[in-house]
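To keep things clear, I will list the structure first and then write my remarks on it.
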Amino acid sequence: MSAGTEQVISGLEGVLAGESSVTFLDGLADPSVLEYRGYNIHDIAETTSFEEVAFLVIEGHLPNKAELAAFDQELKAARAIPPQVIDTIRALPKGIHPMAAFRTAVSVLACYDPQQEDNSKEANRAKAGRMTAQFATIVAAQHRINEGKPVVEPDPSLGHAANFLYMLNGERGDDLWVRTLETTMNLYAEHEANASTFAVRVVVGTNSDLHSAIVAGIGALKGPAHGGAADDSIALIQDIGNVENVKPWVDQAFAERRLIPGFGHRVYKTGDARTPHLRNMCRALAEHSATKDSSWVDIALATEDYIRSMKRLVANVDLYAAAALYYLDFPLNLFTNFVAAARIVGWSANAIEQFEKNRIIRPRMKYVGERARTFVPLEQRG
Ligand SMILES: CC(C)(COP(=O)(O)OP(=O)(O)OC[C@H]1O[C@@H](n2cnc3c(N)ncnc32)[C@H](O)[C@@H]1OP(=O)(O)O)[C@@H](O)C(=O)NCCC(=O)NCCS
């Protein structure tokens, strides 16, 4: 094919950009299928610990008891973050985007990693474990600093999800809260060639280092078409306000051709494989909560039902995760940061795979501008 005649695939939709053994995803099957390393998400989301899921995704197999215990210790030993990272979060201007602060904190974290520039498989695996542990600590520190409260040291007697809640609130969460947070993290842990993971692979493709690749992923996740939709899903529920307002609100949004956060997906056309778990858990959480507004889950359900009845769009994971985090009293301004604290697992697994069989990712653009223009020297231009 000669230059200029190649077909452009808008948004790289449907393009297979490489081979992977991390995640199988079929969003056209009904019901849709999501498997981490060959295990169906429905078999692991609600029953396994985040540590088990992280080990599975990063190492490629389910851990036995000894492997899980060793991984648990590895994460616990890595939870603390350098004081310079905390100082940086404190020094940033008030009111900057929480994901901009997080991205900066991870850049600083990289500077203190003992294997920052080591791209060996062993070093990348060790860095993956460290970042998996440290990201939750950064998010919790952001929250405490935002609130003007002292940063809470990790508690080594707690598992990852329970400790995350503890570092956020300074007190232990009850079992339902911990289980819900853990399930939500399991569901966000990995998702094939999504935009941020692809950004990670592009950076790895240049043989840059793992932290640089992850920082690129964080930048991609921040966007409202991707992880930023998590924050917008909260605004959606708040803006709709009550169940009676669902139909007029949605009708108006469609009439104005506005994008509705928490709906639509590039690969899921029959339903997001992750939503059923959170939908069920939200209901339980709403009933369990004495202080939170039970209508959040009702609004999410009614909006999904109405949009589905119009045969328009599927509800994606962010819609019910927004409601779940609200019931968990999770700081809602840090929702996308929370997604990053889970997705570090998938980013790492994909990066390690990319490093193993690496080739620079360098596509082409179809040039549609003017050509062969006559150069006019500056002094002759009007
Ligand atoms: C996820 C998303 C980026 C996928 O984008 P995409 O694959 O390029 O989807 P398309 O633009 O091809 O969508 C097809 C049609 O549905 C519409 N559509 C897609 N998502 C929509 C949404 N959330 N609200 C309203 N309409 C939507 C598009 O406008 C398009 O309409 P058109 O054919 O009349 O132009 C998009 O659905 C979106 O922005 N959703 C909201 C943000 C979100 O929740 N993101 C998190 C995903 S986990």
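First listed ligand is number 1; within each ligand, the first listed atom is number 1. We're numbering straight along the sequence, starting at 1.
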- Message: Considering E256, R257, H191 one by one, which has a heavy atom nearer to atom 32 (P) of ligand 1 than any of the others?
- Response: R257
- Hey, would you say the F55 and H61 ring centroids sit under 6.0 Å apart? yes
- Message: Quick check: F164 with F50 (ring centres under 6.0 Å apart)?
- Response: no
Looking at [atom], would you say a protein heavy atom lies below 4.0 Å from it?
{"atom": "atom 35 (O) of ligand 1", "result": "yes"}
{"atom": "atom 2 (C) of ligand 1", "result": "no"}
{"atom": "atom 28 (C) of ligand 1", "result": "no"}
{"atom": "atom 14 (C) of ligand 1", "result": "no"}
{"atom": "atom 10 (P) of ligand 1", "result": "no"}

[atom]: the protein heavy-atom neighbour that sits closest, reported with distance to 0.1 Å:
{"atom": "atom 6 (P) of ligand 1", "result": "R266 NE, 3.7 Å"}
{"atom": "atom 43 (C) of ligand 1", "result": "A229 CB, 3.2 Å"}
{"atom": "atom 39 (O) of ligand 1", "result": "L259 CD1, 3.6 Å"}
{"atom": "atom 18 (N) of ligand 1", "result": "L313 CD2, 3.8 Å"}
{"atom": "atom 12 (O) of ligand 1", "result": "E13 OE1, 4.9 Å"}
{"atom": "atom 25 (C) of ligand 1", "result": "R258 O, 3.5 Å"}
{"atom": "atom 45 (N) of ligand 1", "result": "A225 O, 3.1 Å"}
{"atom": "atom 41 (C) of ligand 1", "result": "F263 O, 3.4 Å"}

Is a donor on one side and an acceptor on the other found under 3.5 Å between the side chain of [X] and the backbone of [Y]?
{"X": "D72", "Y": "L68", "result": "no"}
{"X": "N124", "Y": "N119", "result": "yes"}
{"X": "E147", "Y": "R144", "result": "no"}

- Could you give me the CA-CA distance, side-chain angles and deciding distance for F338 and F330, then say whether ring-ring contact (aromatic ring centres under 6.0 Å, His included) is met? CA-CA 9 Å; F338 164 79; F330 195 93; 5.1 Å; yes
- Would R37 and E59 count as a salt bridge (charged side-chain N to carboxylate O under 4.0 Å, His left out) if you check the C-alpha gap in whole Å, the side-chain angles of each, and the deciding distance to 0.1 Å? CA-CA 9 Å; R37 300 289 189 178; E59 294 283 357; over 6 Å; no
- Task: Report yes or no: is the cationic atom of K121 (NZ for Lys, CZ for Arg) closer than 6.0 Å to the six-membered ring centre of F355, at no more than 45° off its axis?
- Result: no
- Query: Do you know which of I138, V108, V151 makes side chain to side chain contact (heavy atoms under 4.5 Å, CB included) with I81?
  - Reply: I138
Location of contacts on [X] toward ligand 1, heavy atoms closer than 4.0 Å:
{"X": "P224", "answer": "backbone"}
{"X": "N316", "answer": "side chain"}
{"X": "D272", "answer": "neither"}

- Geometric N/O contact I260 with ligand 1, under 3.5 angstrom: yes
- Does ligand 1 have any atom sitting under 4.0 Å from a heavy atom of V317? no
- Heavy atom of G262 under 4.0 Å from ligand 1? yes
- Item | T197: partners by side-chain contact (heavy atoms from CB on, under 4.5 Å), with sequence neighbours left out | N194, R343, W347, N350
Under 3.5 Å, sequence neighbours excluded: what are the donor-acceptor pairs made by side chains of residues 126-133?
unit_1	atom_1	unit_2	atom_2	d
K127	NZ	Q115	O	2.9
K127	NZ	Q116	O	3.1
K127	NZ	D118	O	2.9
R130	NE	D113	OD2	3.0
R130	NH2	D113	OD1	2.9
R130	NH2	Q115	OE1	2.7
T132	OG1	A128	O	2.7

- Query: Checking ring-ring contact (aromatic ring centres under 6.0 Å, His included) for the pair Y268/H191: CA distance, chi angles, key distance, verdict?
  - Reply: CA-CA 12 Å; Y268 288 121; H191 211 224; 5.3 Å; yes
